[in-house]
Amino acid sequence: MNRLFFLTFFCTVLTAQAQVSPSLQAKIDKMAAELEPKVIEWRRHFHQNPELSNREFKTAEKVAEHLRSLGIETRTGIAHTGVVGLLKGDKPGPVIALRADMDALPVTERNNLPFKSNVTATYAGMETGVMHACGHDTHVAILMGVAEILAKNRNQLRGTVKFIFQPAEEGPPPGEEGGAELMVKEGVLENPKVDVIFGMHIQSISKLGTISYKEAGMMAASDWFTIKVKGRQAHGAAPWMSVDPVVVSAQIINALQTIVSRQMDLTHEPVVVTVARINAGIRENIIPEEAVMSGTIRTLDKEMQATVHEKIRRIATGIAETAGAVAEVTFDGKTPVTYNDPDLTARMLPALERAAGKDKVVRINAVTGAEDFAFFQEKVPGFFFFVGARPPDLDPNTTPSHHTPDFMIDESALITGLKAMLNVTLHYMYSAGK
Ligand code: NI
């Protein structure tokens, strides 16, 4: 009896140490509720003043000013316009990175909002409207809010929080480097060395107030591929004089369909192979010398990714060879898999449930879109999740998707995002080393 009592007591003490205290929780909840109007105000400011990838100058300036006003050690100009803040807690503990992407898109807003964007810019030589059509304005505002609340609770923090405000998630303009990949290259995960990273994305199509996630591969790796088929040019009237790269390309495109349908174990993870572009020839009566096709591959598993590459190469070169042509295959890896460390994901679920409510945290299927947060997760364990923000009056089947002129979110999702990021941070800190 005594021994049992002692054991129970001992366990209780241990558990208590490994959890965020109810008083701190209550305090954080209260502060989040109080800060909500300010977070919305920031979001509206960024929404009205969007900036394209690698051009987030004003956004970065406002972020840096805010971090400095909170006494957070702040560095700017990382990976072009990135801002990194370092908040050291009073107690020792892990280094936790929190990431928000800052860039907008070359999309002309069609919404009727008082804070609608009327900004224009030149992109790839074309005049275009600029819009936060992926909701990165909400990410910046939320992380500014997280920084404010954590900075005001520095004495309760165990370890260090690194705030990463990232440029160019949508991809840098042609000819430039950028995004998470460049941030990693410039050492953003070092000094101090990051132990874990968290990130979120607002979702216009998911139910308001929900948080969705998937362990392991959540968002796909995106690779681009190019197949150049070299044949022999001839008069269109005398095909027997040619090695026709157009016919060879048609055979290759057909055969590539069998990678997904016949050659990959789709019960493990889905795979997408899309040929999206094909260029050949100049005139109806000339069989060209060359045809070039390109497309994208989406995978959720590294081994499957390597296998798909090998199969594309084999099919293209093999078919070309049977026709007496030559196929050159090149791959351009764009983004790795957004891979949620399974242990970390399981460990963070209670924190998300705390933020959104137990029935609002939903496990989803993988998404074939890509997210450059994956570059951080290649280096350190990370967890990425979605925060649902579909305006309740919109039909889920016709809600405008991300990257469109009518993209719209319900701002009451902001506090869910704010609480989620606060909760995972504190939960990780207080359960570190457990
Ligand atoms: Ni996005």
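Start at 1 and go down the list; that is how both ligands and their atoms are numbered. Treat the numbers as computed from the prediction; the structure is a model and nothing was measured. Along the sequence shown, residues carry numbers from 1.
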- Query: For Thr76, which residues count as a side-chain hydrogen bond (donor to acceptor under 3.5 Å, both in side chains) partner, sequence neighbours excluded?
  - Reply: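 side-chain hydrogen bond (donor to acceptor under 3.5 Å, both in side chains) check on Thr76 returns nothing, list empty.
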- Item | Test side-chain contact (heavy atoms from CB on, under 4.5 Å) applied to Thr416 - qualifying residues, sequence neighbours left out |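 Testing Thr416 for side-chain contact (heavy atoms from CB on, under 4.5 Å), a comparison that skips the adjacent residues, returns Ile211, Ala356, Val387.
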- Can you name the side-chain contact (heavy atoms from CB on, under 4.5 Å) partners of Asp90, sequence neighbours left out?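 Result, side-chain contact (heavy atoms from CB on, under 4.5 Å) vs Asp90: Arg154, Asn155.
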- Item | Under 2.8 Å from the Ni ion (ligand 1) - protein N/O/S, by chain and number |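 Near the Ni ion (ligand 1), the protein supplies Cys134 SG, His136 NE2, His201 NE2.
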- Query: Counting only heavy atoms not in Lys207, do more than 12 fall under 6.0 Å of its NZ?
  - Reply: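 No, because the 6.0 Å sphere around NZ of Lys207 holds 12 heavy atoms or fewer from other groups.
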- Query: If you count the non-hydrogen atoms of other residues, nucleotides and ligands that lie under 6.0 Å from CD in Glu190, is the total more than 12?
  - Reply: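 Yes.
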- Message: Could you tell me if Ser117 and Gln48 have a donor-acceptor pair between their side chains, going purely by distance under 3.5 Å?
- Response: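 Distance-only check fails for Gln48 and Ser117.
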